[in-house]
Visitor: 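Submitted below is the structure of interest, expressed as C-alpha cells.
Throughout, protein chains are lettered first and strands after them, A, B, ... in sequence-line order, and every chain is numbered starting at 1. Remember, it's a predicted structure, so these values are computed and weren't measured experimentally.
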Amino acid sequence: MWEYANPKRFMGWTAPVLPWAFGLSAVCLTIGLIWGFFFTPVDFRQGSTVKIIYLHVPSALMAINAWVMMLMASLIWLVRRHHVSALAAKAAAPVGVAMTLIALATGAIWGQPMWGTYWAWDPRLTSFLILFLFYLGYMALWAAIEDPDTAADLTSVLCIVGSVFAFLSRYAVNFWNQGLHQGASLSLDKEKNVADVFYQPLLFAIGGFVILFFALVLLRTRTEIRKRRIGALQRREG
Amino acid sequence: MIPLLRRDLMLATRAGGGFGLALVFFLIVIVLVPFGVGPETDILSRIAPGILWVAALLAALLSLDRIFALDHEDGTLTLIATAPVPLETVAVAKSLVHWITTGLPLTIAAPFLGVLLQLDPAGFAAVAGSLLLGTPALSVIGTFGAALTVGVRRGGLLLSLLVLPLYVPTLIFGAEVARRGVAELELTTPLLMLAGITAGAVALLPFATAAVLRMNLR
Amino acid sequence: MIPLLRRDLMLATRAGGGFGLALVFFLIVIVLVPFGVGPETDILSRIAPGILWVAALLAALLSLDRIFALDHEDGTLTLIATAPVPLETVAVAKSLVHWITTGLPLTIAAPFLGVLLQLDPAGFAAVAGSLLLGTPALSVIGTFGAALTVGVRRGGLLLSLLVLPLYVPTLIFGAEVARRGVAELELTTPLLMLAGITAGAVALLPFATAAVLRMNLR
Amino acid sequence: MPDLGKYAAEVLLAYGVSLFILIGIVVLSWRQSQRTKRDLDAAEAQCNG
Amino acid sequence: MLRVRDLAVARGGRTVLEGVSFDVNPGEALILRGANGIGKTTLLRTLAGLQDPVAGDITFPEDEGAYASHADAVKTALSVTENLTFWADIYGNPVPDMIWDAFDIADLRDRSAGTLSAGQKRRLGLARLGVIGRKVLFLDEPTVSLDGFSVRLFTNFIRTEHLAKGGVAVIATHIDLGLSAPTLELDTYAASDRPARSSSDEAFL
Amino acid sequence: MLRVRDLAVARGGRTVLEGVSFDVNPGEALILRGANGIGKTTLLRTLAGLQDPVAGDITFPEDEGAYASHADAVKTALSVTENLTFWADIYGNPVPDMIWDAFDIADLRDRSAGTLSAGQKRRLGLARLGVIGRKVLFLDEPTVSLDGFSVRLFTNFIRTEHLAKGGVAVIATHIDLGLSAPTLELDTYAASDRPARSSSDEAFL
Ligand code: HEM
Ligand SMILES: Nc1ncnc2c1ncn2[C@@H]1O[C@H](COP(=O)(O)OP(=O)(O)OP(=O)(O)O)[C@@H](O)[C@H]1O
Ligand SMILES: Nc1ncnc2c1ncn2[C@@H]1O[C@H](COP(=O)(O)OP(=O)(O)OP(=O)(O)O)[C@@H](O)[C@H]1O
Ligand SMILES: [Mg+2]
Ligand SMILES: [Mg+2]
C-alpha cells in the first residue's frame, strides 16, 4: 500500500481520480444544497434559518476531520517518513481553515437571529475558535521553516502535541461554561433537526463536503509535490 | 543541569536579564486595567482573579522567546548541543529557570497586586495557589513552543501564535480555581484538572522539547 | 525619510517582522480575557472598551523595543547617524512605521474583536475612533522611550517601565471616549483631550527623541 | 425562490459567505496548481535543455 | 584632507590612547596597527564622530566621513540588492554598476543576506562603501573573514575606486592588505596609567 | 583518530562539497583552506555532528569532538571568569590555571565580557577550548580579529597544550597560522553541478 505514497506513483494515480472527485462533489453539493434550500419546509421555531444547517454542520464536521487527517498524516511522516504524507498534511491545513471559517461564519450568522448575538462563549463555538488558532499556528510554522524536512518534522510534532491540547481544551471549555447559566434558549436544539425532511438533504451536503475535501487535498498535495520537485531541481542546478 | 541552571539564573538576574521583566509586565497589566475599565470596585473585584491569571499568562508568554533565542544567536546553543549534556536536561533546566524567573515571582506578587484590583482577601490563597500549581505548566509548554521556533529569525510572533492555544486549558482551569476560591465554591474538580495538566506537561513535554531542538539544530 | 520608511516597512512585512506581531498579540489578549474572567455576557460587554484599549496599549508597548534595538545591534543605527539624514527625520520615520504596523491594524481590527467581547455594536465607532485618534500618541511616546533605552542591552524591561507612566493619560482619555461612546454619553471633553495629547506628542516628541538618540550614540 | 420569511437576510448571507469561501478555496487551489505546474514545466525544460 | 592633532580617546571611562597626530592627504590611506585592545576601534569611532575626543582636534570636510565597524550593518531579512539599495537611497546616490564585480557579489544579488557565508556577508557590508560616495573612510578591520582573493578585491577597490578619486581612508587591520600606505603603530600612543582626563570625571579628581 | 571518507556536505539544500576524504592522526592538525562561500563552515559543522552529511563517513572517538564557530558563544552579561567556569562545569572539568596566560586574559578575569574589544572577546571564546578537554577540535576561523601576537599565542596553545597531548584539530582559516600541518584545499572538492544527493530531495527527482 505504501508504494502508492511514492511521489511519482501518487502523481500517477491521482491524475485520473481528480476530475471524478471534483465532479462527484459538485453533484452531491448541488443536490444537497438545492434540495435543502428550496425544497425543505421552514422550522416552526427557527424559521428559515434552519436552512443554514446544510452548510453549518458539514463544514463543522469537515473542520474537525481535516485536523484528524492531518494528525494521521503527521504520525505516518514521523514513523515511516513518507514525503507524500507530510505534504498531504500541509495541503489539508488551508482546506481545514476554510471549513472552520465556514462553520464559524454560518454559526455566527445563525446566532444573531437565534441568540441575539453574533458570538457567545458557548463551548462548541469556543472550541472552534481554538481549533482555528491551531490551524493558523500550524500553517504559520510550515511557512516559517525553510528546510522542507525540518518543517515537516516540526509541524508533525506540533500537530500531535496540539491534538492532545485540543482535546484538553474541549473538555476544559465544556467545564468552564457549564455551571454558568447559559440560558436554555441558547443551547443547540438537537431534537428538532434530525427530522427526516431535514436529514436527507443534509446527508447529501455532508457527502459533498467530504468528497470536496478529499478532492481539494489531492489537488493541493499534487501542487506541494510539484513545488518540492521544483525546489529539488533548483538546488540541483545550484 | 546544575551549571546550566546556575548560569541561566545568573544571566536572568543581571541587568537586562529576564528576572524583573515578567514581574514588571504583570504589574503594568494590573495597573492599566483599572484605567481602562474604570474604577468601579464591584466590576474590578469581579474580574480580578481572571485578570490576574490572564496577566500572569501574558507575562509568561512574553518571556518565552528569550528561553532559547539568545543562546541560539550567540552560538551557545550549538555548543551546548555538542556538550555532554542530554538535550532533555537542557529542556528541563530552561523550563525551570523560566518558572523561577516568571511563575514563582508572579505567584508571590499576585495577592499584593490583587489588592489593586480590589480582589476579595478571601481569594488570596486560591489565586496564589492556582498560580503556583498552574505556572509550571505555562513554563514547560512555553519552552516547547520556544524550541519549535528556535530556528526562526525573530520568531516571537510565531511563538505566541503557537503557544496561545496550548495555554487555553491551563488558563481555564487555573482561572476557574481562582474564581471559585474567591467565591468560596467547591473547587476540587478544576484543581485536580489543573494539577493533572501540570503533572502531565512536566512529565512529558521535555521529551518533545528535546526532540524538537534536535530537529532544529540539525 | 522615504528610503527609511520603505526599508522599515519591508522589514516589518518580511517573515519575523513586526507587522503581524501587534495584531496577534491583540487577538491573544482579547481571546484570553473571557477564559480568565468567565463567559458572562454582561461582564464582558461592560469591560470590553477598557480591555480593548488596554490590549491595544500592551500590543503597542511590546513592539517598542524593536524600533531601534535591531538597528542598534547590527550596527545600522550608528551608520544612519553618520548618514545625511537628520535624526529628527529618523525619529518621525520610526514612529510612523510603528504606527502603521501597530496602531493602524489594531484600530481596524478592534470592532471585529469587540464582537468576541460582546461589545455593544453601538460602541464600534467610538472604540475605533478613539483608537485612531490615540494610537499615534502611543507610537510617538513609545519611540521616545525606545530612544532613551537604545544603549541598554536588552532594555525591554526598562523601556516598559519608562513608557508606562507616559501612556497613562492617553489610556485614560482614550478608554473614557470609548466607554462614553458605548454608553452613548457626551464625549466632547475626553475627545478633545485625547486629540490634544496626540497633537502635542506628534509635534514635539520627535525633537526629544532625536536629542536622546544623539546622546545615546555618542 | 422559497419564502425565507423575516430571516431572509441571514440565510442568504450565510449561503453567500459559505459559497464565497468554498469557491475561493477551490479557485485558489486550482490557480496555484496551474501555476506550479507551469513553473515545474519551465524548470524541467531548463534542466533538460 | 584629514588632520588629527594631539588626539586622546577614551573607552569605558578610561583614556586608552593619547597624543595621536597625523595627516592624510587626498588619495592617501593610513593603516592603523596595534595589539588587541589597544584602542583602534575607539580611535576610529572618535574620528567618525561617534564619540567625543577627550582632547585634541579632528578636521576633515564636513559630511564626508563614513565609518565601517566590526558589525556589518547587513539586514539578514533583506536581499543583497535591497541592502545596498537602502544605503544608496539614504545617501541619494544610485547603486553604481561596478559594485557588483568590485566585491564579487553579482551572483548573490537576489539571495537573502541571511543565507550568506561569513565572507560573503562581509563583502556585502564593504560594498556599502562604494555606494555611499563618501571621501573620508574609517574602516575597522574590514577584511575579517575574507579570503585572500577577496582581500585583494577590497584593496583594489580602495586603491582604484576610492583613493584614485581623491578619497582618503584610515584602516585598522591586523593583516597585510598589500596597500602601499604609511602605517601608524598605536602601541606607542597607549595612554599611561595616568588619571583619565575625561572632562566630566575631572570635576571629581 | 579522525577518519573522513568520501564526505559530501550540503547547505541550504544544496550540496556544496563532495568527495572529501582525509585522516588526521593523534597529535596532528589539518588546515582547511578555500575561498569564501566554498563550504568550510558547512564542512566543520558536519564533522562536529551539527548537521547530517549527505554522503560519506566520519569516525572519531565518541564524545571527543568540539566545535568553535564564527560566533564566540561569549555571554556579554557575564564576567570572563564566569564565562569560562560555565563551560568547565558543563564538561565537568576544573578551569586549568594555564588558560589565563595561554590566552593572555589574566588581566581581564573580572571584566564583564561585554566590555572586551573584538580581539579580547575572541581570545575568551578560544579559551573555552582549553577548558573542555576534548581531543578532536573543529575550529572555524579561530583567529578572526586577533593581532599577530594573539595568533601566536593561539598557535602555541594548539601545539603545546593540544596536539602535544595527542589531540587533533581541523582548522579553517584564511591566514597563515605558523602551524606545521598539512593543508586541504577545498576548492578541488566543490560540488559540480551534478544532482544534489540530498536523500530527501531524491524522492522528487
Ligand atoms: C460561530 C458559531 C458556531 C460554531 C463554531 C458552531 C459549531 C458547531 C459544531 C462544531 C457543530 C458540531 C457538528 C457535529 O458534531 O455534528 C455544530 C452543530 C450544530 N450547530 Fe453550530 N456552531 C455555531 C453556531 C450555531 C448556531 C447559532 C446555531 C443555531 C442556533 C447552531 C446550530 C447547530 C446545529 C443545529 C447543529 C447540529 C447539531 C447536531 O445535530 O449534531 N450552531 N455547530
Ligand atoms: N566598558 C568598558 N570598560 C572598561 N574598558 C573597556 C570598556 N570597553 C572597552 N574597554 C577597553 O578599551 C580598550 C580599547 O578597546 P577597543 O575596542 O578600542 O580595542 P581595539 O584596538 O579595537 O581592539 P581589537 O583589535 O581587539 O578590536 C580595550 O582594552 C577594552 O578592553
Ligand atoms: N540558506 C542557504 N541557501 C542557499 N545557499 C546557502 C544558504 N546558506 C548558505 N549558503 C551557501 O552555502 C555556501 C557554503 O557556505 P559556508 O558558510 O559553508 O562557506 P564558508 O566556506 O564557511 O565561507 P566563509 O569563508 O565566507 O565563512 C555559501 O556559498 C553560501 O552562500
Ligand atoms: Mg576593535
Ligand atoms: Mg564560514
Visitor: In terms of heavy-atom proximity below 4.5 Å to chain C, should B:Leu62 be classed as side chain, backbone, both, or neither?
Guide: side chain

Visitor: Chain B contacts: which residues in residues 173-188 of chain C have a non-hydrogen atom closer than 4.5 Å to it?
Guide: C:Ala175, C:Arg179

Visitor: When only pairs under 4.5 Å are counted, which of B:Ile28, B:Thr149, B:Val24 shares the most heavy-atom pairs with chain C?
Guide: B:Ile28

Visitor: Would you call C:Ile51 and B:Ile51 a side-chain contact if the rule is heavy atoms closer than 4.5 Å?
Guide: yes

Visitor: Going from CG on B:Leu171 to CZ on C:Phe35, what distance comes out if it is rounded to the nearest 0.5 angstrom?
Guide: 7.5 Å

Visitor: Can you measure from CZ (B:Arg46) to CD1 (C:Ile47) and round to the nearest 0.5 angstrom?
Guide: 10.0 Å

Visitor: With a 4.5 angstrom heavy-atom cut-off, is it the side chain or the backbone of B:Val54 that approaches chain C, or both, or neither?
Guide: side chain

Visitor: Can you say whether B:Val31 sits under 4.5 Å from chain C via the side chain, the backbone, both, or neither, judging by heavy atoms?
Guide: neither

Visitor: Pick from B:Pro165, B:Ala55, B:Gly38: which one has the most heavy-atom pairs with chain C under 4.5 Å?
Guide: B:Gly38

Visitor: Given that the side chain runs from C-beta out, which part of C:Leu57 has a heavy atom under 4.5 Å from chain B: side chain, backbone, both or neither?
Guide: side chain

Visitor: Side chain, backbone, both or neither: which part of B:Ile43 has an atom under 4.5 Å from a heavy atom of chain C?
Guide: side chain

Visitor: Atom CG of C:Leu164 and atom CZ of B:Phe25: how far apart are they, to the nearest 0.5 Å?
Guide: 10.5 Å

Visitor: Quick check on C:Leu27 against chain B: is it the side chain, the backbone, both or neither that has a heavy atom closer than 4.5 Å?
Guide: neither

Visitor: C:Leu58 versus chain B, heavy atoms under 4.5 Å apart: side chain, backbone, both or neither?
Guide: side chain

Visitor: Under a 4.5 Å cutoff for heavy-atom pairs, which residue among B:Leu158, B:Val168, B:Leu161 has the most contacts with chain C?
Guide: B:Val168

